[in-house]
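Scroll down for the structure; my scribbles are underneath it.
Excluded from the calculations below are hydrogen atoms, water molecules and symmetry mates; all remaining heavy atoms, backbone and side chain alike, are included. It should be emphasised that the depicted structure is a prediction, and the values quoted were computed from it without experimental measurement.
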2 protein chains.
Amino acid sequence: MRLIVARCSVDYSGRLNTHLPLATRLIMIKADGTVAFHRDIQHAPLNWMSPPCTLTVEQPDEESASAGVIEHWRVTHAKTGDALLVRIYEVLHDSAHELGVDPGLQKDGVEADLQRLLAEQVDVIDPRATLVRREFPTAIGPVDLLLRNPDGGTIAVEVKRRGDIDGVEQLTRYLELLNRDPHLAPVAGVFAAQEIKPQAKVLAGDRGIRCVILDYEGMKGTESGAPRLF
Amino acid sequence: MRLIVARCSVDYSGRLNTHLPLATRLIMIKADGTVAFHRDIQHAPLNWMSPPCTLTVEQPDEESASAGVIEHWRVTHAKTGDALLVRIYEVLHDSAHELGVDPGLQKDGVEADLQRLLAEQVDVIDPRATLVRREFPTAIGPVDLLLRNPDGGTIAVEVKRRGDIDGVEQLTRYLELLNRDPHLAPVAGVFAAQEIKPQAKVLAGDRGIRCVILDYEGMKGTESGAPRLF
DNA sequence: AAATCAATCTCGTAC
DNA sequence: GTACGAGGTTGATTT
(Lines give C-alpha, C1' and ligand atoms only; values in the text may rest on other atoms or scores of the structure.)
Protein backbone atom coordinates (compact mmCIF):
# COMPACT_ATOMS: atom_id res chain seq x y z
CA MET A 1 0.00 0.00 0.00
CA ARG A 2 1.29 3.38 -1.01
CA LEU A 3 0.33 6.40 1.09
CA ILE A 4 0.66 9.86 -0.39
CA VAL A 5 -0.26 13.15 1.22
CA ALA A 6 -0.54 15.77 -1.50
CA ARG A 7 -2.17 18.98 -2.54
CA CYS A 8 -4.32 17.91 -5.47
CA SER A 9 -7.54 18.36 -7.40
CA VAL A 10 -9.55 15.43 -8.80
CA ASP A 11 -12.05 15.12 -11.64
CA TYR A 12 -14.14 11.99 -12.05
CA SER A 13 -16.08 11.07 -15.13
CA GLY A 14 -18.22 7.96 -15.16
CA ARG A 15 -21.70 7.16 -13.89
CA LEU A 16 -21.76 10.86 -13.02
CA ASN A 17 -19.25 13.69 -13.12
CA THR A 18 -17.60 15.05 -9.98
CA HIS A 19 -14.97 17.61 -9.11
CA LEU A 20 -12.75 17.94 -6.03
CA PRO A 21 -11.19 21.41 -5.75
CA LEU A 22 -7.53 21.86 -4.82
CA ALA A 23 -6.85 20.78 -1.22
CA THR A 24 -4.50 18.63 0.83
CA ARG A 25 -5.63 15.01 0.96
CA LEU A 26 -4.45 11.47 1.62
CA ILE A 27 -4.21 9.35 -1.51
CA MET A 28 -4.23 5.57 -0.89
CA ILE A 29 -3.05 3.24 -3.62
CA LYS A 30 -3.74 -0.37 -2.67
CA ALA A 31 -2.19 -3.59 -3.88
CA ASP A 32 -5.23 -4.47 -6.03
CA GLY A 33 -5.08 -1.12 -7.86
CA THR A 34 -7.73 0.65 -5.75
CA VAL A 35 -7.12 4.40 -5.55
CA ALA A 36 -8.93 6.42 -2.84
CA PHE A 37 -8.88 10.06 -1.75
CA HIS A 38 -9.44 10.82 1.93
CA ARG A 39 -10.13 14.08 3.76
CA ASP A 40 -9.47 14.44 7.50
CA ILE A 41 -13.04 13.67 8.63
CA GLN A 42 -15.40 10.71 8.22
CA HIS A 43 -14.39 7.26 7.14
CA ALA A 44 -15.63 7.20 3.55
CA PRO A 45 -13.31 8.42 0.79
CA LEU A 46 -14.32 11.53 -1.12
CA ASN A 47 -13.52 9.84 -4.39
CA TRP A 48 -12.02 6.57 -5.54
CA MET A 49 -11.50 4.10 -8.35
CA SER A 50 -12.14 0.40 -8.01
CA PRO A 51 -10.06 -2.26 -9.72
CA PRO A 52 -9.42 -3.34 -12.37
CA CYS A 53 -7.87 0.03 -13.16
CA THR A 54 -4.54 1.47 -14.25
CA LEU A 55 -2.66 4.53 -13.09
CA THR A 56 -0.43 6.44 -15.51
CA VAL A 57 1.68 9.48 -14.68
CA GLU A 58 1.89 12.26 -17.27
CA GLN A 59 3.64 15.57 -17.54
CA PRO A 60 1.10 18.38 -17.14
CA ASP A 61 0.20 20.42 -20.19
CA GLU A 62 1.46 23.99 -20.35
CA GLU A 63 -1.73 25.48 -18.91
CA SER A 64 -1.69 23.15 -15.89
CA ALA A 65 2.04 23.62 -15.38
CA SER A 66 1.68 27.39 -15.27
CA ALA A 67 -1.06 26.91 -12.63
CA GLY A 68 1.42 25.02 -10.45
CA VAL A 69 0.60 21.41 -11.34
CA ILE A 70 3.68 19.18 -11.22
CA GLU A 71 2.07 15.94 -12.43
CA HIS A 72 -1.11 14.54 -13.96
CA TRP A 73 -2.22 11.14 -12.74
CA ARG A 74 -4.75 9.42 -14.92
CA VAL A 75 -6.64 6.48 -13.43
CA THR A 76 -8.76 4.54 -15.91
CA HIS A 77 -11.14 1.69 -15.25
CA ALA A 78 -10.33 -1.23 -17.53
CA LYS A 79 -13.95 -2.18 -18.26
CA THR A 80 -16.39 0.70 -17.71
CA GLY A 81 -14.21 3.52 -19.05
CA ASP A 82 -14.68 5.51 -15.83
CA ALA A 83 -11.74 7.90 -15.46
CA LEU A 84 -10.05 10.06 -12.83
CA LEU A 85 -7.73 12.95 -13.58
CA VAL A 86 -5.62 13.90 -10.56
CA ARG A 87 -3.71 17.15 -10.69
CA ILE A 88 -0.78 16.96 -8.24
CA TYR A 89 0.42 20.34 -6.98
CA GLU A 90 2.70 19.24 -4.16
CA VAL A 91 3.68 15.95 -2.51
CA LEU A 92 4.02 16.24 1.27
CA HIS A 93 4.49 12.56 2.10
CA ASP A 94 5.05 9.38 0.13
CA SER A 95 5.61 5.94 1.66
CA ALA A 96 5.02 2.32 0.68
CA HIS A 97 4.17 -0.63 2.95
CA GLU A 98 3.86 -4.40 2.60
CA LEU A 99 0.67 -5.53 4.29
CA GLY A 100 0.19 -9.05 2.99
CA VAL A 101 -3.12 -10.90 2.82
CA ASP A 102 -5.78 -10.10 5.42
CA PRO A 103 -7.75 -13.01 6.93
CA GLY A 104 -10.90 -10.83 6.83
CA LEU A 105 -13.69 -9.86 9.20
CA GLN A 106 -15.67 -12.35 11.30
CA LYS A 107 -19.22 -11.18 12.10
CA ASP A 108 -21.87 -12.22 14.60
CA GLY A 109 -25.32 -10.68 14.86
CA VAL A 110 -26.33 -10.07 11.25
CA GLU A 111 -29.77 -10.81 9.80
CA ALA A 112 -28.96 -14.46 9.10
CA ASP A 113 -28.12 -14.96 12.81
CA LEU A 114 -31.38 -13.29 13.83
CA GLN A 115 -33.40 -15.52 11.54
CA ARG A 116 -31.67 -18.68 12.78
CA LEU A 117 -32.22 -17.75 16.44
CA LEU A 118 -35.87 -16.82 15.85
CA ALA A 119 -36.48 -20.13 14.07
CA GLU A 120 -35.30 -21.87 17.26
CA GLN A 121 -37.43 -19.62 19.48
CA VAL A 122 -40.69 -19.11 17.60
CA ASP A 123 -42.40 -18.72 21.00
CA VAL A 124 -41.10 -15.14 20.87
CA ILE A 125 -43.72 -14.62 18.13
CA ASP A 126 -46.48 -16.68 19.70
CA PRO A 127 -46.05 -19.08 22.65
CA ARG A 128 -48.21 -21.72 20.94
CA ALA A 129 -46.92 -21.39 17.39
CA THR A 130 -44.73 -24.05 15.80
CA LEU A 131 -42.24 -23.77 12.96
CA VAL A 132 -43.30 -25.08 9.55
CA ARG A 133 -40.02 -24.11 7.91
CA ARG A 134 -37.40 -21.39 7.35
CA GLU A 135 -37.06 -19.85 3.88
CA PHE A 136 -40.49 -21.13 2.82
CA PRO A 137 -40.43 -20.92 -0.99
CA THR A 138 -42.95 -18.88 -3.00
CA ALA A 139 -43.10 -17.72 -6.61
CA ILE A 140 -41.75 -14.29 -5.64
CA GLY A 141 -39.04 -15.45 -3.26
CA PRO A 142 -38.68 -17.23 0.08
CA VAL A 143 -40.60 -16.17 3.18
CA ASP A 144 -38.19 -15.94 6.15
CA LEU A 145 -40.29 -18.07 8.53
CA LEU A 146 -43.63 -19.86 8.13
CA LEU A 147 -45.35 -20.91 11.38
CA ARG A 148 -48.41 -23.04 12.10
CA ASN A 149 -50.99 -20.77 13.76
CA PRO A 150 -52.58 -22.59 16.73
CA ASP A 151 -55.77 -20.59 16.05
CA GLY A 152 -55.89 -21.91 12.47
CA GLY A 153 -54.02 -21.17 9.28
CA THR A 154 -50.42 -20.00 9.26
CA ILE A 155 -48.18 -17.06 10.21
CA ALA A 156 -45.67 -15.55 7.75
CA VAL A 157 -42.75 -13.83 9.48
CA GLU A 158 -40.46 -11.29 7.83
CA VAL A 159 -37.19 -10.88 9.77
CA LYS A 160 -35.07 -7.71 9.49
CA ARG A 161 -32.35 -6.21 11.63
CA ARG A 162 -33.82 -2.78 11.04
CA GLY A 163 -37.42 -2.67 9.93
CA ASP A 164 -38.42 0.01 7.45
CA ILE A 165 -41.24 0.51 4.98
CA ASP A 166 -39.68 -1.75 2.33
CA GLY A 167 -39.87 -4.76 4.61
CA VAL A 168 -43.58 -4.17 5.20
CA GLU A 169 -44.17 -3.92 1.44
CA GLN A 170 -42.26 -7.16 0.91
CA LEU A 171 -44.28 -9.00 3.57
CA THR A 172 -47.50 -7.61 2.10
CA ARG A 173 -46.67 -9.15 -1.28
CA TYR A 174 -45.97 -12.51 0.37
CA LEU A 175 -49.24 -12.38 2.30
CA GLU A 176 -51.30 -11.63 -0.83
CA LEU A 177 -49.76 -14.63 -2.54
CA LEU A 178 -49.87 -17.06 0.39
CA ASN A 179 -53.49 -16.25 1.20
CA ARG A 180 -54.50 -17.64 -2.21
CA ASP A 181 -53.28 -21.08 -1.09
CA PRO A 182 -56.16 -22.89 0.68
CA HIS A 183 -53.65 -25.13 2.51
CA LEU A 184 -52.13 -22.09 4.21
CA ALA A 185 -54.93 -19.49 4.48
CA PRO A 186 -55.70 -17.57 6.51
CA VAL A 187 -52.11 -16.29 6.68
CA ALA A 188 -51.32 -13.72 9.36
CA GLY A 189 -48.29 -11.45 9.00
CA VAL A 190 -45.61 -10.67 11.59
CA PHE A 191 -42.86 -8.10 11.03
CA ALA A 192 -39.96 -8.89 13.39
CA ALA A 193 -36.90 -6.66 13.77
CA GLN A 194 -34.46 -5.31 16.35
CA GLU A 195 -35.75 -1.83 15.52
CA ILE A 196 -38.86 -0.76 13.60
CA LYS A 197 -39.16 2.75 12.17
CA PRO A 198 -42.32 4.74 12.92
CA GLN A 199 -43.52 4.89 9.30
CA ALA A 200 -43.08 1.15 8.96
CA LYS A 201 -45.05 0.55 12.16
CA VAL A 202 -47.92 2.70 10.86
CA LEU A 203 -47.99 0.99 7.47
CA ALA A 204 -47.90 -2.45 9.12
CA GLY A 205 -50.79 -1.44 11.38
CA ASP A 206 -52.84 -0.30 8.39
CA ARG A 207 -52.37 -3.71 6.81
CA GLY A 208 -53.10 -5.77 9.90
CA ILE A 209 -49.49 -6.85 10.26
CA ARG A 210 -48.22 -7.33 13.81
CA CYS A 211 -44.82 -5.89 14.75
CA VAL A 212 -42.45 -7.70 17.11
CA ILE A 213 -39.24 -6.15 18.47
CA LEU A 214 -36.42 -8.69 18.77
CA ASP A 215 -33.81 -8.67 21.53
CA TYR A 216 -30.77 -10.34 19.94
CA GLU A 217 -28.67 -10.50 23.09
CA GLY A 218 -31.58 -11.88 25.09
CA MET A 219 -32.37 -14.47 22.43
CA LYS A 220 -28.70 -15.42 22.28
CA GLY A 221 -28.75 -15.91 26.05
CA THR A 222 -31.46 -18.55 25.74
CA GLU A 223 -29.85 -20.12 22.69
CA SER A 224 -27.93 -22.84 24.55
CA GLY A 225 -29.57 -26.25 24.43
CA ALA A 226 -30.34 -26.04 28.17
CA PRO A 227 -33.95 -24.93 28.77
CA ARG A 228 -34.58 -21.97 31.04
CA LEU A 229 -34.58 -22.80 34.75
CA PHE A 230 -37.98 -21.35 35.67
CA MET B 1 -4.42 12.67 10.17
CA ARG B 2 -2.31 9.99 11.77
CA LEU B 3 -1.27 6.98 9.68
CA ILE B 4 -0.09 3.86 11.43
CA VAL B 5 0.93 0.59 9.85
CA ALA B 6 0.85 -2.10 12.50
CA ARG B 7 0.37 -5.76 13.19
CA CYS B 8 -2.84 -5.83 15.20
CA SER B 9 -6.08 -7.62 16.01
CA VAL B 10 -9.39 -5.82 16.49
CA ASP B 11 -12.58 -6.68 18.36
CA TYR B 12 -15.73 -4.61 17.84
CA SER B 13 -18.76 -4.72 20.08
CA GLY B 14 -21.79 -2.63 19.24
CA ARG B 15 -24.63 -3.08 16.79
CA LEU B 16 -23.01 -6.47 16.19
CA ASN B 17 -19.84 -8.19 17.30
CA THR B 18 -16.87 -8.65 14.99
CA HIS B 19 -13.32 -9.94 15.18
CA LEU B 20 -10.28 -9.19 13.02
CA PRO B 21 -7.48 -11.73 13.50
CA LEU B 22 -3.86 -10.65 13.82
CA ALA B 23 -2.54 -9.17 10.56
CA THR B 24 -0.68 -6.14 9.23
CA ARG B 25 -3.05 -3.24 8.49
CA LEU B 26 -3.21 0.50 7.99
CA ILE B 27 -4.84 2.34 10.90
CA MET B 28 -6.16 5.82 10.04
CA ILE B 29 -6.93 8.25 12.83
CA LYS B 30 -8.65 11.35 11.46
CA ALA B 31 -8.99 14.83 12.90
CA ASP B 32 -12.63 14.28 13.90
CA GLY B 33 -11.76 11.16 15.88
CA THR B 34 -12.68 8.65 13.16
CA VAL B 35 -10.62 5.45 13.43
CA ALA B 36 -10.49 3.07 10.44
CA PHE B 37 -8.66 -0.18 9.67
CA HIS B 38 -7.67 -0.85 6.06
CA ARG B 39 -6.38 -3.96 4.34
CA ASP B 40 -4.49 -3.78 1.03
CA ILE B 41 -7.50 -4.41 -1.22
CA GLN B 42 -10.85 -2.64 -1.81
CA HIS B 43 -11.69 0.85 -0.71
CA ALA B 44 -13.92 0.12 2.29
CA PRO B 45 -12.32 -0.24 5.73
CA LEU B 46 -12.55 -3.64 7.45
CA ASN B 47 -13.56 -1.99 10.70
CA TRP B 48 -13.98 1.53 12.01
CA MET B 49 -15.40 3.82 14.66
CA SER B 50 -17.30 6.99 13.89
CA PRO B 51 -17.09 10.15 15.98
CA PRO B 52 -17.78 11.22 18.62
CA CYS B 53 -15.37 8.68 20.09
CA THR B 54 -12.30 8.61 22.27
CA LEU B 55 -9.08 6.60 22.00
CA THR B 56 -7.21 5.57 25.13
CA VAL B 57 -3.94 3.64 25.24
CA GLU B 58 -3.51 1.01 27.94
CA GLN B 59 -0.77 -1.36 28.99
CA PRO B 60 -1.74 -4.89 27.98
CA ASP B 61 -2.68 -7.33 30.71
CA GLU B 62 -0.25 -10.11 31.48
CA GLU B 63 -1.98 -12.64 29.23
CA SER B 64 -1.88 -10.29 26.23
CA ALA B 65 1.69 -9.24 26.98
CA SER B 66 2.89 -12.83 27.03
CA ALA B 67 1.20 -13.29 23.63
CA GLY B 68 3.29 -10.45 22.22
CA VAL B 69 0.88 -7.50 22.57
CA ILE B 70 2.71 -4.24 23.28
CA GLU B 71 -0.34 -1.98 23.71
CA HIS B 72 -4.13 -2.05 24.02
CA TRP B 73 -6.02 0.74 22.28
CA ARG B 74 -9.57 1.17 23.41
CA VAL B 75 -11.87 3.23 21.20
CA THR B 76 -15.25 4.03 22.74
CA HIS B 77 -18.20 5.77 21.16
CA ALA B 78 -19.38 8.62 23.37
CA LYS B 79 -23.11 8.00 22.87
CA THR B 80 -23.89 4.47 21.75
CA GLY B 81 -21.34 2.62 23.88
CA ASP B 82 -19.94 0.86 20.81
CA ALA B 83 -16.36 -0.19 21.56
CA LEU B 84 -13.22 -1.34 19.78
CA LEU B 85 -10.33 -3.15 21.42
CA VAL B 86 -7.18 -3.00 19.30
CA ARG B 87 -4.29 -5.24 20.25
CA ILE B 88 -1.06 -3.75 18.87
CA TYR B 89 1.71 -6.28 18.29
CA GLU B 90 4.15 -4.19 16.29
CA VAL B 91 4.23 -0.68 14.83
CA LEU B 92 5.85 -0.56 11.39
CA HIS B 93 5.08 3.06 10.51
CA ASP B 94 3.65 6.06 12.33
CA SER B 95 3.27 9.54 10.81
CA ALA B 96 1.03 12.57 11.32
CA HIS B 97 -0.15 15.08 8.70
CA GLU B 98 -2.00 18.38 8.68
CA LEU B 99 -4.68 18.27 5.98
CA GLY B 100 -6.89 21.24 6.83
CA VAL B 101 -10.51 21.60 5.80
CA ASP B 102 -11.66 20.02 2.55
CA PRO B 103 -14.02 21.99 0.28
CA GLY B 104 -15.88 18.78 -0.48
CA LEU B 105 -17.16 16.96 -3.56
CA GLN B 106 -19.13 18.68 -6.33
CA LYS B 107 -21.51 16.35 -8.17
CA ASP B 108 -23.34 16.58 -11.47
CA GLY B 109 -25.80 14.02 -12.75
CA VAL B 110 -27.55 12.93 -9.56
CA GLU B 111 -31.30 12.46 -9.21
CA ALA B 112 -31.94 16.13 -8.45
CA ASP B 113 -30.24 17.13 -11.73
CA LEU B 114 -32.33 14.60 -13.65
CA GLN B 115 -35.53 15.93 -12.12
CA ARG B 116 -34.63 19.54 -12.88
CA LEU B 117 -33.76 18.75 -16.51
CA LEU B 118 -36.90 16.68 -17.02
CA ALA B 119 -39.05 19.49 -15.60
CA GLU B 120 -37.64 21.72 -18.34
CA GLN B 121 -38.16 19.07 -21.02
CA VAL B 122 -41.49 17.40 -20.21
CA ASP B 123 -41.91 16.74 -23.92
CA VAL B 124 -39.61 13.75 -23.31
CA ILE B 125 -42.58 12.24 -21.44
CA ASP B 126 -45.29 13.39 -23.83
CA PRO B 127 -44.85 15.99 -26.60
CA ARG B 128 -48.15 17.67 -25.69
CA ALA B 129 -47.91 17.54 -21.88
CA THR B 130 -47.25 20.65 -19.80
CA LEU B 131 -45.73 20.97 -16.35
CA VAL B 132 -48.09 21.65 -13.44
CA ARG B 133 -45.27 21.66 -10.89
CA ARG B 134 -42.21 19.89 -9.49
CA GLU B 135 -42.39 18.30 -6.04
CA PHE B 136 -46.19 18.33 -6.06
CA PRO B 137 -47.16 17.89 -2.40
CA THR B 138 -49.32 15.02 -1.15
CA ALA B 139 -50.11 13.62 2.29
CA ILE B 140 -47.49 10.89 1.85
CA GLY B 141 -44.75 13.04 0.33
CA PRO B 142 -44.07 15.05 -2.81
CA VAL B 143 -44.57 13.65 -6.31
CA ASP B 144 -41.49 14.42 -8.44
CA LEU B 145 -43.39 15.92 -11.38
CA LEU B 146 -47.07 16.50 -12.03
CA LEU B 147 -48.06 17.18 -15.66
CA ARG B 148 -51.29 18.25 -17.32
CA ASN B 149 -52.39 15.41 -19.58
CA PRO B 150 -53.57 16.81 -22.93
CA ASP B 151 -55.98 13.86 -23.17
CA GLY B 152 -57.56 14.81 -19.82
CA GLY B 153 -56.55 14.49 -16.21
CA THR B 154 -52.93 14.53 -15.10
CA ILE B 155 -49.69 12.55 -15.26
CA ALA B 156 -47.64 11.77 -12.14
CA VAL B 157 -43.94 11.20 -12.89
CA GLU B 158 -41.51 9.42 -10.57
CA VAL B 159 -37.87 10.20 -11.45
CA LYS B 160 -35.00 7.88 -10.46
CA ARG B 161 -31.45 7.48 -11.64
CA ARG B 162 -31.81 3.72 -11.39
CA GLY B 163 -35.34 2.40 -11.42
CA ASP B 164 -36.07 -0.60 -9.27
CA ILE B 165 -39.13 -2.16 -7.69
CA ASP B 166 -39.23 0.31 -4.78
CA GLY B 167 -39.74 3.25 -7.10
CA VAL B 168 -42.73 1.54 -8.72
CA GLU B 169 -44.23 0.86 -5.29
CA GLN B 170 -43.74 4.48 -4.34
CA LEU B 171 -45.41 5.75 -7.52
CA THR B 172 -48.27 3.29 -7.02
CA ARG B 173 -49.00 4.78 -3.59
CA TYR B 174 -49.01 8.28 -5.06
CA LEU B 175 -51.37 7.24 -7.86
CA GLU B 176 -53.84 5.66 -5.45
CA LEU B 177 -53.94 8.86 -3.46
CA LEU B 178 -54.00 11.32 -6.38
CA ASN B 179 -56.76 9.45 -8.19
CA ARG B 180 -59.09 10.20 -5.26
CA ASP B 181 -58.81 13.90 -6.10
CA PRO B 182 -61.48 14.81 -8.69
CA HIS B 183 -59.44 17.85 -9.76
CA LEU B 184 -56.57 15.60 -10.84
CA ALA B 185 -58.18 12.29 -11.83
CA PRO B 186 -57.66 10.38 -13.95
CA VAL B 187 -53.96 10.32 -13.02
CA ALA B 188 -51.65 8.33 -15.28
CA GLY B 189 -48.28 7.12 -13.97
CA VAL B 190 -44.88 7.45 -15.63
CA PHE B 191 -41.72 5.87 -14.20
CA ALA B 192 -38.69 7.71 -15.64
CA ALA B 193 -35.09 6.60 -15.04
CA GLN B 194 -31.71 6.29 -16.74
CA GLU B 195 -31.97 2.54 -16.22
CA ILE B 196 -34.97 0.40 -15.27
CA LYS B 197 -34.49 -3.10 -13.90
CA PRO B 198 -36.46 -5.95 -15.48
CA GLN B 199 -38.53 -6.71 -12.36
CA ALA B 200 -39.46 -3.05 -12.04
CA LYS B 201 -40.52 -2.92 -15.68
CA VAL B 202 -42.75 -5.97 -15.21
CA LEU B 203 -44.35 -4.58 -12.04
CA ALA B 204 -44.93 -1.20 -13.70
CA GLY B 205 -46.57 -2.93 -16.68
CA ASP B 206 -48.89 -4.88 -14.35
CA ARG B 207 -50.03 -1.62 -12.84
CA GLY B 208 -50.50 0.30 -16.07
CA ILE B 209 -47.49 2.53 -15.39
CA ARG B 210 -45.49 3.62 -18.43
CA CYS B 211 -41.68 3.41 -18.26
CA VAL B 212 -39.46 6.05 -19.89
CA ILE B 213 -35.68 5.71 -20.19
CA LEU B 214 -33.88 9.03 -19.72
CA ASP B 215 -30.71 10.03 -21.59
CA TYR B 216 -28.98 12.46 -19.20
CA GLU B 217 -26.23 13.52 -21.57
CA GLY B 218 -28.71 14.03 -24.38
CA MET B 219 -31.05 16.05 -22.18
CA LYS B 220 -28.11 18.09 -20.96
CA GLY B 221 -27.20 18.81 -24.57
CA THR B 222 -30.59 20.43 -25.18
CA GLU B 223 -30.57 22.19 -21.81
CA SER B 224 -29.22 25.52 -23.09
CA GLY B 225 -31.86 28.17 -23.71
CA ALA B 226 -31.27 27.92 -27.45
CA PRO B 227 -33.89 25.71 -29.11
CA ARG B 228 -32.73 22.86 -31.28
CA LEU B 229 -31.88 23.78 -34.85
CA PHE B 230 -34.09 21.28 -36.65
C1' DA C 1 -22.04 -13.07 -15.52
C1' DA C 2 -26.40 -10.97 -13.94
C1' DA C 3 -29.57 -10.16 -10.38
C1' DT C 4 -30.92 -9.78 -5.74
C1' DC C 5 -30.40 -8.17 -1.02
C1' DA C 6 -28.16 -6.82 3.44
C1' DA C 7 -25.23 -3.21 5.52
C1' DT C 8 -21.96 -1.37 12.20
C1' DC C 9 -24.29 0.65 5.13
C1' DT C 10 -22.49 6.24 4.73
C1' DC C 11 -23.77 10.71 4.10
C1' DG C 12 -26.66 14.59 3.05
C1' DT C 13 -30.79 17.16 3.90
C1' DA C 14 -35.38 18.39 5.49
C1' DC C 15 -38.51 18.47 9.19
C1' DG D 1 -31.75 15.86 16.79
C1' DT D 2 -34.29 12.57 14.15
C1' DA D 3 -36.18 10.72 10.04
C1' DC D 4 -35.97 9.92 5.16
C1' DG D 5 -33.75 8.93 0.81
C1' DA D 6 -29.87 8.64 -2.59
C1' DG D 7 -25.55 6.40 -3.53
C1' DG D 8 -20.16 6.14 -8.77
C1' DT D 9 -23.66 2.94 -2.89
C1' DT D 10 -20.37 -1.68 -1.64
C1' DG D 11 -20.10 -6.48 -1.16
C1' DA D 12 -21.86 -11.23 -0.73
C1' DT D 13 -24.80 -14.79 -2.26
C1' DT D 14 -27.64 -16.99 -5.57
C1' DT D 15 -29.37 -17.99 -10.23
Side-chain angles (χ1 to χ4, degrees), chain A residues 10-18 34 36-37 39 41-51 53 75 77 79-84 104-105 107-115 135 140-142 144 158-167 170 193-202 216, chain B residues 10-18 20 34-37 41-51 53 75 77 79-84 104-105 107-115 135 140-142 144 158-167 170 193-195 197-200 216:
Chain A
V10 185
D11 286 274
Y12 165 75
S13 168
R15 279 163 283 188
L16 51 59
N17 298 316
T18 71
T34 297
F37 301 84
R39 54 179 162 177
I41 60 169
Q42 299 179 342
H43 84 256
L46 279 163
N47 218 327
W48 69 93
M49 186 69 83
S50 301
C53 62
V75 185
H77 194 278
K79 295 188 172 179
T80 62
D82 291 20
L84 287 176
L105 186 66
K107 297 185 182 186
D108 171 47
V110 293
E111 184 184 299
D113 299 312
L114 263 184
Q115 190 195 115
E135 301 285 349
I140 56 172
D144 288 340
E158 178 67 30
V159 182
K160 293 282 180 204
R161 218 170 50 77
R162 295 192 176 180
D164 61 8
I165 213 163
D166 291 352
Q170 192 179 344
Q194 284 184 282
E195 179 196 342
I196 298 181
K197 294 190 177 172
Q199 272 206 353
K201 203 169 288 187
V202 171
Y216 181 71
Chain B
V10 184
D11 285 274
Y12 165 74
S13 169
R15 281 164 283 189
L16 52 61
N17 298 315
T18 70
L20 277 175
T34 298
V35 181
F37 301 84
I41 60 169
Q42 299 181 342
H43 82 256
L46 279 163
N47 218 326
W48 68 92
M49 185 70 81
S50 301
C53 63
V75 185
H77 194 278
K79 297 187 171 181
T80 62
D82 289 22
L84 286 176
L105 187 66
K107 296 184 181 185
D108 171 49
V110 293
E111 187 186 299
D113 299 312
L114 264 183
Q115 191 195 114
E135 301 286 348
I140 56 171
D144 289 338
E158 178 69 29
V159 182
K160 293 283 179 202
R161 219 170 48 79
R162 292 189 179 181
D164 62 9
I165 212 165
D166 292 351
Q170 192 179 342
Q194 284 183 283
E195 178 196 342
K197 292 188 179 174
Q199 271 205 354
Y216 182 71

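Residue whose closest nucleotide on DNA chain D sits further toward the 5' end, between A/G14 and A/P198: A/P198.
When the C1' atom of D/dC4 is taken as reference, atom NZ of B/K160 falls 11 Å away, rounded to whole Å. Atoms CG (A/D82) and P (D/dT10) sit 10 Å apart, rounded to a whole Å. Atom pair B/E195:CD and C/dA2:C1' shows a separation of 11 Å (rounding to whole Å applied). Atom pair A/E135:CD and C/dT4:P shows a separation of 17 Å (rounding to whole Å applied). Atom NZ of B/K79 is separated from atom C1' of D/dT2 by 11 Å (rounded to the nearest Å). A straight line from CG of A/D166 to C1' of C/dT4 spans 13 Å, rounded to a whole angstrom. One can place CD1 of A/I165 at 12 Å from C1' of D/dG5, the figure rounded to the nearest angstrom. The interatomic distance linking B/R162 (CZ) with D/dG5 (P) rounds to 20 Å, in whole Å.
Among residues two or more places apart in sequence or in another chain, the side chain to side chain donor-acceptor pair (under 3.5 Å) test is passed with B/Q42 by B/R39. Listed by chain and number, the residues in a side chain to side chain donor-acceptor pair (under 3.5 Å) with A/D11 are A/H19, A/R87 (sequence neighbours excluded). With sequence neighbours left out, the side-chain contact (heavy atoms from CB on, under 4.5 Å) criterion links B/A193 to B/K160, B/I196. Partners of B/R15 by side-chain contact (heavy atoms from CB on, under 4.5 Å), not counting sequence neighbours, listed by chain and number: A/R161, A/R162, B/Y12, B/D82. Partners of A/D164 according to the salt bridge (Lys or Arg N to Asp or Glu O under 4.0 Å) rule, which considers only residues two or more places apart in sequence or in another chain, do not exist here. Residues that satisfy the side-chain contact (heavy atoms from CB on, under 4.5 Å) test with A/N17, not counting sequence neighbours, are A/S13, B/D108, B/E217. Every side-chain contact (heavy atoms from CB on, under 4.5 Å) that A/S50 has, sequence neighbours left out, goes to A/W48, B/H43.
A/L16 has its side chain out of reach of B/Y216: every pair of non-hydrogen atoms, C-beta onward, lies at least 4.5 Å apart.
In this structure, B/L105 and A/L46 approach most closely via the heavy-atom pair CD2-O, 3.4 Å. The minimum heavy-atom distance linking A/D144 with A/V159 is given by the pair OD2-N, 2.7 Å.
When the nucleotides D/dC4, D/dG7, C/dA6 are ranked by their closest atom to the side chain of B/E111, D/dG7 comes out on top. The listed nucleotides are D/dG8, C/dA6, C/dA3; the one nearest the side chain of A/M49 is D/dG8.
Base contact: A/L105 has a heavy atom under 4.0 Å from a base atom.
Using atom C1' as the reference point in both D/dT10 and D/dA6, the two lie 14 Å apart (nearest Å). Atom name P, nucleotides D/dA12 and C/dT10: the rounded distance is 16 Å, in whole Å. Across the C1' atoms, D/dG7 and C/dA6 are found 15 Å apart, a figure rounded to whole Å. To the nearest whole angstrom, the two C1' atoms, one in C/dA14 and one in D/dG8, are 24 Å apart.
A sub-4.0 Å separation between OP1 or OP2 of D/dC4 and a side-chain N or O of A/K197 is absent.
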Watson-Crick and G-U pairing of DNA chain C, under 3.5 Å, as dot-bracket with | and [ ]: |||||||.|||||||

Can you give one letter per nucleotide of nucleotides 10-15 of chain C, going 5' to 3': B for a protein heavy atom under 4.0 Å from the base, S for sugar-phosphate only, - for none? SSS---

